[in-house]
Amino acid sequence: MRNAVYKLFILIIIVLVSGCAENVGNESGRSEKKPKNIIIFIGDGMGVAQLYAGMTKSGKAFFLERFPYSGFSKTYSADAYITDSAAGGTAIACGEKTNNGMIGVRPDSTLLVSITELAHKNGLAAGVVSTSAVTHATPASFVAHNAGRGNYEEIANDFLKGTIDVFIGGGENHFRNRKDGADLTDQLKEQGFDVVYTPEDMKKSQSAKLAGLLAKEHMPKASEGRNGLLTDMTKKAIETLSRNKNGFVLLVEGSMIDWGAHENNLDYVTSETIDLDQAIGAALDFATADRNTLVFVTADHETGGLVLTGGDVKTASVEGKFAGSDHSAVMVPVFTYGPGAEKFSGIHENTFFYGEFTRLLGLKTR
Ligand code: MG
Ligand code: ZN
């Protein structure tokens, strides 16, 4: 009997001690929560007006409205007050301002190190998803190094350097229909990539390395057959990358908000913004369940100088005027959800985020 009481006493002590240890862990977690995964969304050209036009037109709450922290990003590049997507993407991906037109390199053409490369060096998985060709400026900034954003075939070569585990978007031609006659998908397969060309094959893939080349050049518009596919691409990338127990970094780009604004086509802008928000919703579902994922949403710049001149939330209608057909200099919004989200509120340079991503993930930089 005395022995049984003694055993019970020891058991209670063990339970109490382990309970305390857990509490200490939780409290230190509360003071500095750190994510294991980061999902970066870039709405190309998505200023506040593009976003609110999409919110109004959708007629229901955006997933983005669930993000607890927000701020602004100053987008000017190293050589221009108004950035392009190459310098804008490079600032977010690599943490330094460069000249317009440059991908993953400094103005003197020396190489920068992107957050996906740092993640890879530290044993995390990395991926990019876009509705444009994956070789286009925004996704390319996270993968490639090239002084000229138009060198698509050279940029495609950089996808073979082993830092990216998943890429899904358009751009098949830059891998398979090249001036040098090479078919880069042969090398991708040798490296263990499952190379797929249709959404159906993408969904079926069980490979830890996935190359989805879902269009010869860019994918169709959301309003012309792509509707919902960015969400499926995002889900597949998350599913594939999350096999890596060390964590992952994923870029998802809504490429065509910018293109709609260049065309001064407000319906094009709103349909693409709504589509991007759906993909953000998929990431939010994952992050909510996972509790170790930071979701970061911003734009590389605003496009078109859009002003909303009228509308009605009851009828989900919106009218706007564009000041021009190119990018503008205004600050763009930033939204964050998950561990470390509070670090991003306020006004920051577009080069600020990289350092926070690196620090929060605990990545060694050398
Ligand atoms: Mg882009
Ligand atoms: Zn543009």
Side-chain angles (χ1 to χ4, degrees), residues 40-47 49-51 54 73 75-77 79-94 98-104 114-116 127-144 146 148-152 155-156 158-159 167-171 174 214-215 217-222 226 229-230 233-234 250-266 268-269 271-273 275-276 279-280 296-306 322-333 350 353:
I40 300 165
F41 281 89
I42 297 180
D44 198 317
M46 186 179 73
Q50 285 78 3
L51 180 57
S73 168
T75 67
Y76 66 91
S77 69
D79 69 341
Y81 187 51
I82 297 177
T83 191
D84 80 328
S85 292
T90 297
I92 298 164
C94 305
T98 192
N99 292 347
N100 284 4
M102 293 182 135
I103 301 282
S114 69
I115 190 67
T116 50
V128 296
V129 165
S130 70
T131 54
S132 65
V134 293
T135 44
H136 207 252
T138 313
S141 299
F142 286 75
V143 181
N146 205 297
R149 59 178 284 176
N151 298 326
Y152 295 121
I155 287 168
D158 284 354
F159 283 75
F167 56 96
I168 309 171
H174 305 141
L214 305 185
E217 293 283 339
H218 306 301
M219 298 184 67
K221 298 176 184 178
R226 203 197 72 235
L229 188 49
L230 182 61
M233 292 154 68
T234 302
L250 170 65
L251 165 79
V252 180
E253 187 205 16
S255 317
M256 298 179 188
I257 300 166
D258 175 67
W259 301 354
H262 278 293
E263 290 181 17
N264 288 0
N265 180 338
L266 191 55
Y268 189 177
V269 167
S271 60
E272 292 295 336
T273 305
D275 184 68
L276 179 64
I280 290 167
F296 170 92
V297 182
T298 193
D300 48 357
H301 53 73
E302 194 270 356
T303 305
L306 176 60
F322 293 89
S325 59
D326 214 333
H327 304 169
S328 81
V330 291
M331 295 191 293
V332 292
N350 56 1
F353 313 118

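When a ligand or atom number is given, it counts from 1 through the structure's own listing order. Just so you know, these numbers come straight off a predicted model, no measurement behind them.
- What you find for A93 and S141 is that their closest heavy atoms are CB-O, 3.4 Å.
- Residue side and main chain included, H327 places an N/O/S atom under 2.8 Å of the Zn ion (ligand 2).
- Taking each heavy atom of D44 and S85 in turn, the nearest pair found is OD2-OG, 3.0 Å.
- When distances to the Zn ion (ligand 2) are checked against a cut-off of 2.8 Å, D258 contributes an N, O or S atom below that limit.
- Using a 30° and 60° split on the angle between ring planes, H136 and Y152 fall in the parallel class, below 30°.
- The OG1 atom of T138 and the OE2 atom of E253 meet at the Mg ion (ligand 1) at an angle of about 80°, given to 10°.
- In this structure a side-chain-to-backbone donor-acceptor pair under 3.5 Å is present from T131 to S255.
- For H262, the N, O or S atom with the smallest separation from the Zn ion (ligand 2) is NE2.
- The shortest heavy-atom contact between S114 and F142 is OG-O, 3.2 Å.
- Note on D44: its N/O/S atom closest to the Mg ion (ligand 1) is OD2.
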